[in-house]
There are 2 protein chains.
Amino acid sequence: MRDVAARAQVSAMTVSRVLKEDERVSTATRAKVLAAVEELGYRRNEVARNLRLGRPSGMIGLVVTNLANPFYSRLALGAEQVAEEHGLRLVLGNTAEQVQRERELVEDLVSRRVDGMIVVPAGASQRHLAPDVLGPTPVVLAGRPPAGIEADTVLVDDFGGAHAATARLIADGHRSIGFVGNPPALFTGAERFRGYWAAHEEAGLTPREEWISRGAYDIPGAEAAAHRLLDRTDAPTALFCTNNRITLGAYRAVRGLRSGTALAAFDDFEMADLLDVPVTVVAYDADEVGRRAARLLLDRIDEKSAAPRQPPRRTVVPTHIVHHTGA
Amino acid sequence: MRDVAARAQVSAMTVSRVLKEDERVSTATRAKVLAAVEELGYRRNEVARNLRLGRPSGMIGLVVTNLANPFYSRLALGAEQVAEEHGLRLVLGNTAEQVQRERELVEDLVSRRVDGMIVVPAGASQRHLAPDVLGPTPVVLAGRPPAGIEADTVLVDDFGGAHAATARLIADGHRSIGFVGNPPALFTGAERFRGYWAAHEEAGLTPREEWISRGAYDIPGAEAAAHRLLDRTDAPTALFCTNNRITLGAYRAVRGLRSGTALAAFDDFEMADLLDVPVTVVAYDADEVGRRAARLLLDRIDEKSAAPRQPPRRTVVPTHIVHHTGA
DNA sequence: CTGTTAGCGCGTTCAC
DNA sequence: GTGAACGCGCTAACAG
């Protein structure tokens, strides 16, 4: 900036004014300054600017558990979109489901003075995200609810979606519906199990324990789990799968049998309509999760300092059922 | 920091030293300072720190065209991984293939003093990324080669992959192989077409113009394009598809016909082995593209100022063929 | 071992 | 309209 000032034969202050589009600069001076800026390829240092203005960095942090999962990359896309509209940049961190990584990332983001952050929490507790330990940086949780703290949250309607999909299977005449899910420790898994169960109860049914498998966390695991359910003499006639990975595994098992076992599945996927068994998927807008999280965060950022801290807000992104009859 | 200093009854400098883990501080003072830090929940401001140290922000920019595409989210994941290992954070921007957005993002990232950036270029020229306009911020291109500038680049072996997949079809006895691709303006599309063509030439074949479609850019478009090829009386017995979206569309067309038309396709996808036609996919490690890009960038960052600017480097991520016989 | 001075790049405040 | 002084939060260089 000094160089520009020297070249334009003005003070640094005048350069600052021109770049800030301050009116009180003569047209002639402005032209001189802009010429110098051009010639030197000068760019104002936004970091120093924010420091001087006492502002945070103009960035929002996004901490996800697994960017390779389309759900989270869509979430990131949605958040980026809203952030962009407000002139904010997104700083990305991937925790690989490790709480320790999450802790470090969050610390680092605060030290970098992000305006706020969106976190998909990896662990059982989010105490380290509490205002009294984190300071004034606003936090919004996405995908999983807060535990041990209060915080704005965006969730997917896990219960409702699982309920509707299961109900659909029941309506289609299925009376023995297996459950292939990830470990119940995961919130989404637990909620989706609740939905599966509730749909049964409402129909006066009780799922048999032998039809329930809750240990799989990848495709081969899910395939094996589905096989164990389907190999029984009283095998279920349909399977409810709690996420896209589980579904792919279960489909492999179902397909091998050619038994026509129906599937219901959380998470839509592109080839769902091309499978050779009936598939009912629970679809939802993952981008919207990111957009809503970003909006909640922006609200908090604007609200800052004002008012006696609003109570935490929670929003649930709806799901809808898509039914494919199977080819 | 002043508050901490006051509370610990030392100077700010001492606090700075303790936090920097400078040895020359008495154990007693250190303890006092750390206690004060703890009590106040103080966190050093990394932004001010970097400013004072004359360093960039400790972040690297990543500008992609479409984060919803798994290729780019995997790329981001790979880059994040390497950045993380070096204590750098990733700042993300999505251009939605708009050059204007890319320009703005790049400008902004430079103003934020990123250490460097990885860009998946959206437009036909990357003049705006040239060192003389961007300044000293290092740039690495990913997925598409530089045009109008010199720059380090990471590419996928588009030509080789397309060549190998097509050759495989030919080896399997196919003599009429259709081409369903995106517009040739895209580098990847052009390269993959070259591979398709070269494999034919080497086998003494020449693809018929009527078997070549190069306009599709989404799934329905690809399905329609494939239908047009397959509805001919001299329909090809196999189709080469230039990317995952195209493949999904083409499969829909192929499947409807039950003609047993074989597919070869760039980009692997999870259900490739479950389709009811033979599918040959060109698979590659998208994470690796991001990792290599990050490494190239880190090299440039380290090299900075030293030496008389090394020549641009280029690396090509290999592909491999996976063949599925069709169920 | 610890404190003081000075300044990273910028903008507010108050002069001229 | 324009400039000088001062400070955002931090630390290198030099004192002591």
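Here is how names work: the chains are called A, B, and so on, in the same order as the sequence lines, proteins then strands, and each is numbered from 1. All values below were derived from every heavy atom in this structure, side-chain atoms included, with hydrogens, water molecules and symmetry-related copies excluded.
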* **Length of the CE-P vector between B:M1 and C:dC8, whole Å** => 18 Å

* Round to a whole Å and report the spacing from CZ of A:R2 to C1' of D:dA4. => 14 Å

* Asked: In residues 51-59 of chain A, what residues come within less than 4.0 Å of DNA chain D, judged by heavy atoms?
  -> A:L51, A:R52

* To do: Could you tell me whether the side chain of B:L155 reaches within less than 4.5 Å of the side chain of B:V317, counting heavy atoms only?
  => no

* Could you tell me whether the phosphate oxygens of C:dG9, OP1 or OP2, come under 4.0 Å of any side-chain nitrogen or oxygen in A:Y42? => no

* Does CD belonging to A:E104 count more than 12 external heavy atoms closer than 6.0 Å? -> yes

* Asked: Can you check side-chain hydrogen bond (donor to acceptor under 3.5 Å, both in side chains) on B:S57 and B:R113, steps first, answer last?
  -> CA-CA 6 Å; B:S57 61; B:R113 299 297 187 264; over 6 Å; no

* **DNA chain C-proximal residues of residues 13-25 of chain B, any heavy atom under 4.0 Å** => B:M13, B:T14, B:R17, B:R24, B:V25

* To do: Could you check how far CZ of A:R44 sits from C1' of C:dG9, rounded to whole Å?
  => 11 Å

* Is B:V47 touching bases, backbone alone, or none of the nucleic acid, heavy atoms closer than 4.0 Å? -> nothing

Identify each donor-acceptor pair in which a side-chain atom of residues 135-144 of chain A lies under 3.5 Å from a protein atom, sequence neighbours left out, and give them as a table.
from   : atom 1 : to     : atom 2 : distance (Å)
A:R144 : NH1    : A:E97  : OE1    : 3.3
A:R144 : NH1    : A:P121 : O      : 2.8
A:R144 : NH2    : A:Y72  : OH     : 3.3
A:R144 : NH2    : A:E97  : OE2    : 2.9

* Asked: Do the non-hydrogen side-chain atoms of A:L298 and A:E303 ever get within less than 4.5 Å of each other?
  -> no

* To do: Could you tell me whether the side chains of B:E107 and B:H128 share a donor-acceptor contact shorter than 3.5 Å?
  => no

* Taking five pairs at each end, how big is the angle between the two axes of the helix from C:dC1-D:dG16 to C:dC16-D:dG1, to 10°? -> 40°

* Structure fact -> Of B:Q9 and B:A48, the one whose closest nucleotide on DNA chain C sits nearer the 5' end is B:Q9

* Residues in side chain to side chain contact (heavy atoms under 4.5 Å, CB included) contact with B:R2, at least two apart in sequence or another chain -> none

* To do: Figure out the CG/P separation between A:D3 and C:dC10, and round it to whole Å.
  => 10 Å

* Between D:dG9, D:dA4, C:dC1, which one does the side chain of A:S11 approach most closely? -> D:dA4

* **B:D152 and its side-chain hydrogen bond (donor to acceptor under 3.5 Å, both in side chains) partner, picked from B:R300, B:R314, B:R313** => B:R300

* To do: Might you confirm whether atom CZ of A:F187 has over 12 heavy atoms from other residues, nucleotides or ligands at distances under 6.0 Å?
  => yes

* **Set of residues satisfying ring pair (Phe, Tyr, Trp, His ring centres under 6.0 Å) with respect to A:F71, sequence neighbours excluded** => A:Y284

* Could you please spell out the steps behind the side-chain contact (heavy atoms from CB on, under 4.5 Å) verdict for B:N50 and A:V47? => CA-CA 9 Å; B:N50 286 329; A:V47 174; over 6 Å; no

* To do: Give a yes/no answer on whether the side chain of A:T29 brings an N or O atom under 4.0 Å of OP1 or OP2 in D:dT2.
  => yes

